[in-house]
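These notes concern the structure reproduced below.
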Amino acid sequence: MSDVKAQLVREHLILLEKYVAYWEEPALRPESMHNDDVAYELLLHAGHHMRFSGDFSILDLLKKRSFQEREQLVGGVFRLLVDARLAEQAEALAQEAMTDDSAGEEFEQYVYERDNVDVVLRVATYVGHEVLNLSREVDSLFFAARSAERALDRVLEEYSTLTALHSETVLFLREHIWRDPNKADRWWSVKLEKMRDELDAPFEFEWKLKKAVEQEVIEKSLGTSSATQYPGLPAAARSSENVTSVRAWVADLLEKWRSIQQPGLTPALGGASSELKEFRLAPRDLAEGHATFTAYAVIDDEAGALIVEFFDEDLGLQKLPWIGFASLVVRSGDRERRYPIDPGDGVVEIGLGDVPGSPGVCMEVQDDQGNRICRLEFDGP
Amino acid sequence: MKTVLVKHVTSNGSTIEETTVLFYSLHSFTKKLAKHVCNPREPWQRILPGDSVEYWCTKVAGQPPIWRGSEADRQSAYDTVAQVIAAQLTEAAGAPRYIAYDEWLPGESRQHETGRFYLGNSGLIMVSRHHRVISAFFRQVVPSEAFTDAWAYLKRKSMARSASARKARPRSRCGDYEYYDREFWASPPLDGSVARAIYEQESGPVDGAVSRPDVQQVSQLRVHVRGLRESRHE
């Protein structure tokens with residue numbers, strides 16, 4: 001068993017022991033904790049223990065408890081899930097997280113809790129199978145809890161970008177479940193992984209390319225190979241004996257990138273032709289009432305686009321999904337093209353073929369009335 | 001905005017003093033206030049004085065809580081809450097009870113700043129980035145013991161982000177996480193009475209505590225869980 005898995009199992013056992021004590025000896029509980037809360041925590045940690053250890057013995061012992069006690073346990077869990085109104089709270093936070101980066105930290109709780117809900121419902125149905133068949137009240141609570149679960153799902157799927165951005169903890173935990181996670185396709189986290197992959201896909205190639213270019217620069221400057229540092233490289237290229245294949249792969253990537261560049265674009269962006277760079281766009285003529293911001297532009301060769309993202313300088317360069325920015329207008333001579341800025345993530349994509357050649361490229365950020373907020377100028381990498 | 005001088009422990013064991021600002025602006029604070037302080041699931045009334053929560057927040061059954069104070073109330077609410085957060089922050093930093101990480105700033109400058117998650121003794125989670133508290137909240141997703149729940153949440157989150165940083169995922173902007181102090185973050189914290197209830201069954205009364213007469217029989221489940229836990233402690 002890996003260190004992380006052993007650590008997770010141990011921590012859940014400590015917490016489980018505590019909540020079993022709370023369940024059996026109500027006098028030990030804090031005043032604010034009720035039966036339903038304890039039932040939820042007890043089944044949650046029992047479920048996580050099983051999930052990371054593959055040991056069903058605790059669940060089997062819970063199954064042997066009296067009918068009445070199991071009715072209290074699983075009924076309490078379902079009641080709590082219905083009362084918690086997770087979907088409503090998650091939606092309110094998601095809306096705020098679109099404009100306030102700090103709310104993302106709090107939204108992450110709901111992605112994390114969705115996984116907990118998955119665990120606790122599975123355990124409750126396993127332990128309370130008989131109860132669900134015989135108790136009409138618990139059965140109807142179960143359906144209400146499943147509706148609450150589906151409502152939370154809908155919110156997380158509606159804000160899938162935000163959900164995927166905050167999926168790190170759940171996906172990390174998923175890596176440590178007791179059986180092959182790819183075969184455990186009944187877990188909700190599988191859905192989450194798909195969301196994350198969809199989000200990462202456009203960045204994967206760019207990232208690998210950046211790392212490969214860095215690698216090439218390091219190798220050239222040091223005259224050595226440190227290929228094993230970059231997990232993004234193909235497995236065959238990770239070994240230090242395969243320096244030749246790394247170079248060939250880098251050359252192949254660079255060739256692919258060059259082939260989609262438009263003539264005239266690179267000088268306008270101020271970058272050398274063989275490097276992928278992040279460019280700073282400095283705002284000029286900033287209208288009153290708008291905070292200072294910086295825009296960064298990155299060439300995404302796979303999407304064939306120049307991606308511009310806005311960051312708030314006043315907020316310590318937090319990413320700025322700012323609703324006040326409606327569109328980016330690119331002008332060159334008489335030509336003018338307008339690109340909508342995504343109000344959700346503050347990103348605008350400009351097709352590489354649409355960007356006018358240098359010199360004289362001019363970009364303007366406008367609000368939804370078409371008023372100019374500011375002019376953007378390339379400030380060099 | 002109010003600032004507070006916080007003493008932190010560094011990775012080499014020495015202490016440094018850092019000035020931390022509480023929130024970006026009065027506006028951003030009021031948004032936090034409505035969302036967290038007015039949320040009936042978050043036990044702010046335990047740490048805020050008197051009936052201030054009832055005074056600031058309007059609660060309508062079935063509706064999210066809203067801020068009902070005037071402009072003038074914002075400043076006084078900020079002063080009151082900031083004072084409480086400053087006290088929780090200083091206490092958490094001094095304990096120490098926080099997790100620190102480095103965050104890379106956008107761009108190619110490779111500059112980085114420190115972010116921290118503090119866990120107050122009340123279970124309040126305080127998020128600080130670049131020497132500024134940007135949020136403070138109780139884990140309120142399901143009602144539970146705020147302190148233990150916050151411990152578990154921050155532990156899982158930091159474990160995940162550390163692993164992600166080691167894998168150098170494309171979106172990873174954070175380095176390894178440092179736990180202060182390591183012992184506190186190594187095992188879930190147990191309330192004294194619960195720890196006694198668990199451990200005195202193994203070795204008799206501890207610390208002179210009187211054995212509880214109500215526990216006549218230990219259930220098979222508890223014996224089993226204890227056995228598994230002990231086998232994992234080695």
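Throughout, a chain's letter reflects where its sequence line sits, starting with A, and its residues are numbered from 1.
Using a 4.5 Å cut-off between heavy atoms, A/D36 does not touch chain B at all. Residue contact with chain B, scored on non-hydrogen atoms closer than 4.5 Å, is absent for A/H34. Heavy atoms closer than 4.5 Å to chain B are found in both the backbone and the side chain of A/I58. For a residue to count as touching a neighbouring chain, one of its non-hydrogen atoms must lie under 4.5 Å from one of that chain's; by this rule A/A92 does not touch chain B.
Counted by atom type alone, B/S219 and A/R65 present one or more donor-acceptor pairs between their side chains at under 3.5 Å. No side-chain donor-acceptor contact under 3.5 Å links A/Q109 and B/Y153.
A side-chain donor-acceptor contact under 3.5 Å links B/R132 to the backbone of B/F23. At least one donor-acceptor pair closer than 3.5 Å links the side chain of B/Y78 to the backbone N or O of B/K2.
Using a 4.0 Å cut-off between a side-chain N of Lys or Arg and a carboxylate O of Asp or Glu, A/R51 and A/D115 qualify as a salt bridge.
Put simply, of B/P43, B/S135, B/S158, the one with the most heavy-atom pairs under 4.5 Å next to chain A is B/S135.
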